[in-house]
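Reading through the structure tokens given below for one structure.
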Amino acid sequence: QVQLVESGGDSVQAGGSLRLSCSTSGILINRCMAWFRQAPGSEREAVAAVATGGTTPFYADALKDRFTISRDIPKNTVYLEMTRLRTEDTAMYYCAAPEFSYLCSPSAWGKPDWYKYWGQGTQVTVSS
């Protein structure tokens, strides 16, 4: 059974930092792994994705200067380092994985429908 479990969400002040973790079981993270987020009343949006083999990660253009995705393969864990947080970063953050793909499709990585496995999310709240 595949499980993705996010953690690390918290309430922080603007300008602060957080590191989110996504622990997995039932699958190997030696594949495309992604982070999405969803704010109340908004659609789920892609944040970042990382593939195997040292390929360049994908980021949402507006976030690439502040967020960093990484993975620890022996720990089967994917991370999202978030810096200089803003109030608009407030959202539920989700970890996601496609069923088979080891590479992140340049055209599909940002589309929620491309992913089969999802975690339950971890809440990030940024206050001014």
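- Residues P98 and K116 have side chains not in contact (no heavy-atom distance under 4.5 Å, counting atoms from C-beta outward).
- Using a distance-only test at 3.5 Å, with no hydrogens or angles considered, a donor-acceptor pair links the side chain of T83 to the main chain of R66.
- Contact record, Y115 with A49: OH-CB, 4.2 Å, taken as the closest heavy-atom pair.
- Remark: side-chain polar atoms of R44 are not paired, donor with acceptor, to backbone N or O of A39 under 3.5 angstrom.
- Looking at T122, its side chain does come within 3.5 Å of a backbone N or O of G9 through a donor-acceptor pair.
- Taking both residues in full, the closest heavy atoms of Y117 and R31 are given as CE1-NH1, 4.3 Å, listed atom of the first, atom of the second, then distance.
- To the nearest 0.5 Å, atom CZ of residue F36 and atom OH of residue Y94 are 12.0 Å apart.
- With a 6.0 Å cutoff to the six-membered ring centre and a 45° limit on the axis angle, R19 counts as a cation-pi contact of Y79.
- In terms of heavy-atom proximity, C104 sits nearest to W114 at CA-CH2, 3.9 Å.
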Legend entry - CA sep, side-chain torsions, deciding dist, call: M82, S17, side chain to side chain contact (heavy atoms under 4.5 Å, CB included): CA-CA 5 Å; M82 305 186 295; S17 300; over 6 Å; no

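- Rounding to the nearest 0.5 Å gives a distance of 12.0 Å between CD of E81 and CD1 of I69.
- Annotation: Q123, atom CD; neighbour count of heavy atoms from other residues, nucleotides and ligands within 6.0 Å is above 12.
- Nearest heavy atom pair, residue A48 against residue Y59, reads CB-CD2, 3.5 Å.
- Minimum interatomic distance between L18 and V124 (heavy atoms only, all atoms of both residues): CD1-CG1, 3.9 Å.
- To the nearest 0.5 Å, atom SG of residue C32 and atom CG of residue L103 are 8.0 Å apart.
- Atom CD of E88 sits in a crowded spot, with more than 12 heavy atoms from other residues, nucleotides or ligands closer than 6.0 Å.
- For the atom pair CD (E45) and NZ (K111), the distance works out to 16.0 Å, reported to the nearest 0.5 Å.
- Remark: side-chain polar atoms of R86 are not paired, donor with acceptor, to backbone N or O of G15 under 3.5 angstrom.
- A salt bridge links D89 and R37; the closest N-O separation between the charged side-chain nitrogens and carboxylate oxygens is under 4.0 Å.
- Put simply, the side chain of T90 gets close to the backbone of V126: a donor and an acceptor are under 3.5 Å apart.
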Legend entry - side chain to side chain contact (heavy atoms under 4.5 Å, CB included) evaluation trace for W35 with E6: CA-CA 10 Å; W35 285 96; E6 303 92 336; 3.8 Å; yes

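- Atom OH in Y93 sits 7.5 Å away from atom CG in L20 (nearest 0.5 Å).
- The minimum heavy-atom distance between A97 and L4, with the atom names listed, is N-CD1, 4.0 Å.
- Once rounded to the nearest 0.5 Å, the distance linking OG of S101 with CH2 of W109 reads 13.5 Å.
- The closest side-chain donor-acceptor pair between D72 and T77, if any, does not fall under 3.5 angstrom.
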Legend entry - Residue pair W118, V2: steps toward the side chain to side chain contact (heavy atoms under 4.5 Å, CB included) verdict: CA-CA 9 Å; W118 291 86; V2 176; over 6 Å; no

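- By the rule that hydrophobic residues join a cluster once side-chain heavy atoms approach within less than 4.5 Å of another member, M92 and V47 end up as members of separate clusters.
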